[in-house]
Student: 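Please read through the structure below; I'll follow up with questions.
Convention: sequence-line order gives letters A, B, ...; per-chain numbering from 1. Just so it is clear, the values below take in all heavy atoms, side chains as well, and ignore hydrogens, waters and symmetry mates.
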There are 2 protein chains.
Amino acid sequence: MKIGTNEVERRVQAFSEVCRRYGAKATHQRREIYRELLRTDEHPAAETIYARVRKRIPAISLDTVYRTLRLLEKKGLISRAGFLNEKARFDANTLPHHHFVCTRCGFMGDIYHKERDEFLALRDVSAMGTVNSVHIELRGICKSCQKNSRLKDNYFFAILIVISTI
Amino acid sequence: MKIGTNEVERRVQAFSEVCRRYGAKATHQRREIYRELLRTDEHPAAETIYARVRKRIPAISLDTVYRTLRLLEKKGLISRAGFLNEKARFDANTLPHHHFVCTRCGFMGDIYHKERDEFLALRDVSAMGTVNSVHIELRGICKSCQKNSRLKDNYFFAILIVISTI
DNA sequence: CAGCTAAATAGTTATGATTACTAAAAAAAA
DNA sequence: TTTTTTTTAGTAATCATAACTATTTAGCTG
């Protein structure tokens with residue numbers, strides 16, 4: 001859902017004011033990076049943002065892009081989809097469950113929910129800590145990929161269960 | 001939720017049989033890596049698994065651990081929490097929403113839900129593609145971290161909205 | 001159960017995203 | 001303006017993960 005040009009400019013303006021008010025500098029680079037993210041709904045990667053902002057600020061460095069993205073994220077103005085900068089974490093538990101993750105120490109605990117709504121009530125989580133945000137991601141194959149699809153890897157899991165329970 | 005030793009061995013055994021049946025080799029290294037993951041509920045990183053398996057197979061290489069984890073994941077025996085190997089993707093959309101991600105091409109689309117249950121019915125997703133799995137992550141601060149907590153960064157978002165809507 | 005052959009491993013190097021570093025530049029305050 | 005402090009550009013470093021290659025091994029075959 002893209003937002004209009006007026007709204008983009010309104011937010012960039014508001015951002016500048018908030019920066020000044022809180023002792024951060026509203027630099028040209030920061031405004032352009034934030035503007036670039038406000039203008040799109042395609043969840044660009046850092047490299048993509050770098051490429052686009054470079055059209056307006058040819059001398060901008062990749063480091064500035066990364067630094068600014070970290071700043072904006074820390075300040076809650078943008079979010080990142082997916083959880084890079086963390087190591088991959090593995091799990092042999094094949095029961096359907098969710099995870100609680102501590103953003104400070106990386107603790108990861110399992111959350112089971114019997115009824116669908118329960119996880120939103122966060123009942124099982126209070127024992128582990130306080131939830132700041134709920135991250136939900138659906139993974140699959142998009143329409144376009146389905147068209148030129150052929151691959152059909154055999155999926156061990158179902159087979160293993162059969163053998164395991166005989 | 002840890003599983004018992006018997007169940008661990010049963011699954012390792014089943015894994016070996018499935019491997020042979022499908023032309024993959026049930027090597028000592030693979031069994032140990034899978035066993036290590038079955039024995040724990042702490043979602044270890046690759047390095048952690050490496051360190052533990054090394055106690056039993058001192059000469060095992062880190063590459064083997066990574067290779068085996070990829071294999072197990074591809075076969076559906078284990079899953080990874082978080083999505084490494086992808087670039088971080090950013091988003092300035094601060095409305096509550098979820099993401100649809102194509103695991104093949106990386107397409108990422110927003111999913112909005114008015115009522116809480118709707119996202120589970122996956123209604124809005126059918127237009128984008130087929131969902132294979134739903135990933136839910138709650139982020140926050142765990143009990144242990146709350147105890148020795150002091151940090152309280154100011155969170156720009158709320159402030160910006162106020163300025164923006166005056 | 002010894003030999004065969006494709007698959008897997010160990011050890012190492014490479015890659016690719018992200019971060020750290022430092023001198024120079026620029027924003028906000030005085 | 002001038003000053004002070006933050007931020008930036010450019011580059012080098014880091015860190016997790018993947019690729020490469022000679023050697024080894026699992027599982028088949030006779």
Student: Give a yes or no on whether a salt bridge exists between B/Arg70 and B/Glu73, defined as a side-chain N under 4.0 angstrom from a carboxylate O.
Tutor: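 No, B/Arg70 and B/Glu73 are not salt-bridged.
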Student: Would you give the length of the straight line joining atom CZ of A/Phe90 to atom CG of B/Leu37, rounded to the nearest 0.5 angstrom?
Tutor: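 So the gap between those two atoms works out to 8.0 Å.
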Student: Walk along nucleotides 25-30 of chain D from 5' to 3' and tag each nucleotide B, S or - by protein heavy-atom contact under 4.0 Å, base first, then sugar-phosphate.
Tutor: BBS---
Student: How many angstroms lie between atom CZ of A/Arg54 and atom CD1 of A/Ile49, to the nearest 0.5 angstrom?
Tutor: 14.0 Å
Student: Can you pull out the residues from residues 49-67 of chain B that lie within a 4.0 Å heavy-atom distance of DNA chain D?
Tutor: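 Only B/Leu62, B/Asp63, B/Tyr66 qualify.
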Student: Quick one: does any side-chain atom of B/Thr40 pair with a main-chain N or O of B/Glu36 as donor and acceptor, under 3.5 Å?
Tutor: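 Not at all, since once roles are kept as given, no pair shorter than 3.5 Å links the two residues.
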Student: Going by side chain to side chain donor-acceptor pair (under 3.5 Å), name the residues that satisfy it together with B/Glu47, two or more places apart in sequence or in a different chain.
Tutor: none
Student: Looking at residues at least two apart in the chain, or sitting in another chain, which of them share a side chain to side chain donor-acceptor pair (under 3.5 Å) with A/Thr64?
Tutor: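 So A/Thr64 forms a side chain to side chain donor-acceptor pair (under 3.5 Å) with A/Ser61, A/Arg67.
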Student: Roughly what angle, to 10°, lies between the helix axis at the start of the helix from C/dC1-D/dG30 to C/dA30-D/dT1 and the one at its end, five pairs per end?
Tutor: 30°
Student: Please list, chain by chain and in numerical order, all residues satisfying side chain to side chain donor-acceptor pair (under 3.5 Å) with B/Arg56, sequence neighbours excluded.
Tutor: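 Testing B/Arg56 for side chain to side chain donor-acceptor pair (under 3.5 Å), a comparison that skips the adjacent residues, returns B/Glu32.
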Student: Is there a side-chain contact between B/Arg11 and B/Ile3, using heavy atoms and a 4.5 Å cut-off?
Tutor: yes
Student: Side chains of B/Val8 and B/Arg35: closer than 4.5 Å at any heavy-atom pair?
Tutor: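 Side-chain contact under 4.5 Å: yes.
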Student: Look at A/Arg30 and D/dT8 and indicate whether a side-chain polar atom (N or O) is within less than 4.0 Å of OP1 or OP2.
Tutor: yes
Student: Donor-acceptor check, side chain of A/Arg30 to backbone of A/Lys25, threshold 3.5 angstrom: yes or no?
Tutor: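 A pair under 3.5 Å: yes.
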Student: Report the distance from atom CZ of A/Arg70 to atom P of D/dT6, rounded to the nearest whole Å.
Tutor: 17 Å
Student: A/Arg21 has an atom CZ; how far is it from atom P of C/dA28, in whole Å?
Tutor: 14 Å
